[in-house]
K.L.:
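First, the structure itself, so that you have it in front of you.
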Amino acid sequence: MSHSLLPGRGCKHLATALLLSIATACPAGAQNDGYKLVWHDEFDTDGAPDPQSWSYEEGFVRNREWQWYQPENAYCRDGLLILTARNEKRPNPTYKPGSKHWGEQRKDIECTSACVITKGKREFLYGRFEVRARIPAARGSWPAIWLKGSKYSWPSCGEVDMMEFYEYGGVRSILANVCWGGAKGSSAWNTQTRPFTQFTAKDSLWATQFHVWRMDWDKDYIRLYLDNELLNETPLTRTVNATDAAGAGDNPFHTPMFLLLNLAMGSSGGKVDANAMPMHYEIDYVRVYQKK
């Protein structure tokens with residue numbers, strides 16, 4: 001790797017090879033508790049993310065966020081997937097004077113970033129998901145690791161936020177959330193938050209380091225972890241879509257879900273620190289394990 005916090009690239013290749021050999025050779029799988037590695041991306045090939053696994057969201061997508069998503073802002077280098085948010089001003093090609101859609105109301109693009117997704121390419125039902133990443137912790141950034149289903153529209157499709165970082169109640173926080181269809185078109189949530197200072201008080205260099213976010217998901221529970229610390233436990237007996245929601249009475253967490261990695265800016269992330277631009281969200285690997 002090009003930085004001092006991770007082993008060199010050759011070491012990473014060796015570690016990956018060992019991981020795969022263990023997963024292949026051991027009947028119990030790649031981990032001691034019965035999980036077997038079923039898919040992973042180590043981002044070891046420089047250039048665009050693997051098109052067999054990843055596609056892109058494009059444009060102004062959700063939440064009145066500041067950024068315009070484009071593929072050019074996602075690239076692999078030195079064993080990392082890097083999502084970059086940068087100041088980039090140009091006319092908005094979707095601008096429509098008088099439109100009621102917030103994205104079409106913007107005459108110009110002022111910031112670009114990236115969101116990569118596995119929809120239609122890599123979708124999974126249950127398992128252990130691990131993502132090792134270093135997040136930009138400057139004010140206004142909104143990096144996330146999350147999953148959605150394809151069966152219904154949001155929120156009845158289900159959403160799991162393995163990681164979000166943004167200003168929650170005016171406090172920069174790490175969040176771990178589970179969401180499903182609530183009553184009268186609303187969304188139902190189990191949201192757990194940790195103030196960012198909880199981590200930096202223990203380690204002032206926390207934001208400069210890579211950390212592992214994990215989800216353990218089976219037919220009974222979704223459990224979300226950060227560096228092996230449990231942040232959120234959601235029993236799936238709670239997550240049935242409301243009787244007047246799309247997919248009424250269905251549980252979205254018993255159907256396959258796809259993964260999204262994105263760096264949003266502004267909106268719930270708060271006012272963007274202009275001095276921190278460009279911002280980089282670096283993902284070391286994505287690994288999915290399942291039990292036989």
Side-chain angles (χ1 to χ4, degrees), residues 2-3 41 43 45-97 99-121 131 133-148 154 159 161-167 172 175 207-208 210 213 258-284 286:
S2 59
H3 44 77
D41 199 332
F43 307 114
T45 301
D46 287 357
D50 180 7
Q52 296 299 312
S53 298
W54 303 98
S55 57
Y56 307 89
E57 290 190 334
E58 297 190 55
F60 294 124
V61 179
R62 64 178 69 83
N63 298 327
R64 297 182 177 270
E65 294 160 0
W66 189 37
Q67 82 290 335
W68 170 276
Y69 283 136
Q70 59 185 25
E72 299 93 315
N73 292 51
Y75 54 95
C76 301
R77 186 178 66 205
D78 295 332
L80 299 174
L81 169 62
I82 304 171
L83 308 182
T84 296
R86 62 172 62 95
N87 293 319
E88 186 174 345
K89 188 167 184 176
R90 65 177 187 270
N92 173 11
T94 66
Y95 174 60
K96 295 179 182 178
S99 173
K100 295 183 179 180
H101 184 272
W102 63 272
E104 295 173 350
Q105 293 172 357
R106 296 180 176 177
K107 189 172 183 179
D108 293 311
I109 297 164
E110 298 178 307
C111 171
T112 61
S113 190
C115 176
V116 296
I117 69 175
T118 67
K119 184 177 182 179
K121 299 188 176 191
V131 179
R134 176 163 58 185
I135 65 172
R139 191 171 300 277
S141 67
W142 188 357
I145 303 165
W146 53 304
L147 299 97
K148 292 200 311 183
W154 190 90
E159 174 181 332
D161 301 317
M162 291 175 58
M163 180 276 292
E164 289 188 291
F165 170 85
Y166 63 86
E167 287 194 7
R172 285 188 292 170
L175 295 92
T208 70
F210 282 75
W213 281 269
F258 61 91
L259 182 69
L260 304 93
L261 303 171
N262 70 290
L263 176 54
M265 302 294 293
S267 187
S268 292
K271 185 177 179 180
V272 176
D273 180 356
N275 294 324
M277 297 292 281
M279 297 189 197
H280 305 286
Y281 174 22
E282 300 164 298
I283 299 96
D284 182 27
V286 177

K.L.:
What distance separates Trp102 CH2 from Ser267 OG, expressed to the nearest 0.5 Å?
P.N.:
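Separation between the atoms: 8.0 Å.
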K.L.:
For Asp78 and Asp46, work out which heavy atoms get closest and say how close.
P.N.:
N-OD1, 3.2 Å
K.L.:
Name all pairs fulfilling the salt bridge (Lys or Arg N to Asp or Glu O under 4.0 Å) condition that reach into residues 47-63, sequence neighbours left out, sorted by first residue then second.
P.N.:
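Residue pairs with at least one partner in residues 47-63: Glu57-Arg62.
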K.L.:
Test side-chain contact (heavy atoms from CB on, under 4.5 Å) on Glu72 and Thr112; report intermediate values, then the result.
P.N.:
CA-CA 9 Å; Glu72 299 93 315; Thr112 61; over 6 Å; no
K.L.:
Would you name the heavy atoms of Tyr166 and Ser268 that are closest together and state the gap between them?
P.N.:
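In this case the closest contact between Tyr166 and Ser268 is CD1-O, 3.3 Å.
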K.L.:
Kindly give the heavy-atom pair with the smallest separation between Asn262 and Tyr69, and that separation in Å.
P.N.:
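Heavy-atom minimum between the residues: ND2-OH, 2.9 Å.
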K.L.:
How many angstroms lie between SG in Cys115 and OH in Tyr56, if you round to the nearest 0.5 Å?
P.N.:
11.0 Å
K.L.:
If you measure from CD1 on Ile82 to CZ on Arg134, what distance do you get to the nearest 0.5 Å?
P.N.:
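Result: 9.0 Å between the selected atoms.
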K.L.:
Applying side-chain contact (heavy atoms from CB on, under 4.5 Å) to Val116 and Leu259, what does each step give before you reach the verdict?
P.N.:
CA-CA 8 Å; Val116 296; Leu259 182 69; over 6 Å; no
K.L.:
Could you pull out the closest heavy-atom pair between Trp142 and Asn63, with the gap in Å?
P.N.:
CH2-ND2, 3.5 Å
K.L.:
For residues Glu164 and Ala144, report the shortest heavy-atom separation together with the two atoms involved.
P.N.:
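Heavy-atom minimum between the residues: CG-CB, 4.1 Å.
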K.L.:
So, do Thr94 and His101 sit near enough that their side-chain heavy atoms are less than 4.5 Å apart?
P.N.:
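Sidechains of His101 and Thr94: no contact.
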K.L.:
Within this structure, what is the SG-CD distance for the pair Cys76 and Glu282, rounded to the nearest 0.5 Å?
P.N.:
12.0 Å
K.L.:
When rounded to the nearest 0.5 angstrom, what distance separates CH2 in Trp146 from CD1 in Ile117?
P.N.:
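CD1 of Ile117 is found 9.0 Å from CH2 of Trp146.
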K.L.:
How many angstroms lie between atom CZ of Phe165 and atom CG of Leu175, to the nearest 0.5 angstrom?
P.N.:
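Answer rounded to 0.5 Å: 10.0 Å.
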K.L.:
Is the shortest heavy-atom distance from the side chain of Lys121 to the side chain of Trp54 under 4.5 Å?
P.N.:
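No; the side chains remain at least 4.5 Å from each other.
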K.L.:
Counting only N and O atoms by type, is there a donor-acceptor contact under 3.5 Å from the side chain of Gln67 to the main-chain atoms of Ala114?
P.N.:
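It does not hold such a pair.
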K.L.:
Run the salt bridge (Lys or Arg N to Asp or Glu O under 4.0 Å) test against Glu167 and tell me which residues pass, sequence neighbours left out.
P.N.:
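Result, salt bridge (Lys or Arg N to Asp or Glu O under 4.0 Å) vs Glu167: Arg139.
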K.L.:
Hey, does Cys111 have a side-chain heavy atom less than 4.5 Å from the side chain of Val272?
P.N.:
no
K.L.:
Is Leu83 close to Ile283 at the side-chain level, that is, under 4.5 Å between some pair of heavy atoms?
P.N.:
yes
K.L.:
So, the side chain of Asp273 versus the backbone of Ala138: is there a donor-acceptor pair under 3.5 Å, distance only?
P.N.:
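Absent.
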K.L.:
Apply salt bridge (Lys or Arg N to Asp or Glu O under 4.0 Å) to Glu65 and list each qualifying residue two or more places apart in sequence or on a separate chain.
P.N.:
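By the salt bridge (Lys or Arg N to Asp or Glu O under 4.0 Å) rule, Glu65 matches no residue at all.
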K.L.:
Report the C-alpha separation of Met162 and Val131 in whole Å, then their side-chain angles, then the decisive distance to 0.1 Å, and conclude whether the side-chain contact (heavy atoms from CB on, under 4.5 Å) test is met.
P.N.:
CA-CA 9 Å; Met162 291 175 58; Val131 179; 4.3 Å; yes
K.L.:
Between Met265 and Ser141, which heavy-atom pair has the shortest distance, and what is it?
P.N.:
SD-CA, 4.0 Å
K.L.:
Donor-acceptor pair, Asn73 side chain versus Thr84 backbone, under 3.5 Å?
P.N.:
yes
K.L.:
Apply side-chain contact (heavy atoms from CB on, under 4.5 Å) to Asp284 and Leu80, showing your working.
P.N.:
CA-CA 5 Å; Asp284 182 27; Leu80 299 174; 3.9 Å; yes
K.L.:
Apply ring-ring contact (aromatic ring centres under 6.0 Å, His included) to Phe258 and list each qualifying residue two or more places apart in sequence or on a separate chain.
P.N.:
none
K.L.:
Under the side-chain contact (heavy atoms from CB on, under 4.5 Å) rule, collect the residues that match up with Pro93, sequence neighbours excluded.
P.N.:
Trp68, Ile109
K.L.:
If only atom types and distance count, is the side chain of Lys119 paired as donor or acceptor with the main-chain N or O of Leu260 below 3.5 Å?
P.N.:
no
K.L.:
Got a sec, which pairs hit salt bridge (Lys or Arg N to Asp or Glu O under 4.0 Å) with one end in residues 80-96, sequence neighbours left out?
P.N.:
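As it turns out, the salt bridge (Lys or Arg N to Asp or Glu O under 4.0 Å) pairs with a partner in residues 80-96, which skip direct neighbours, are Glu88-Arg90, Lys96-Glu104.
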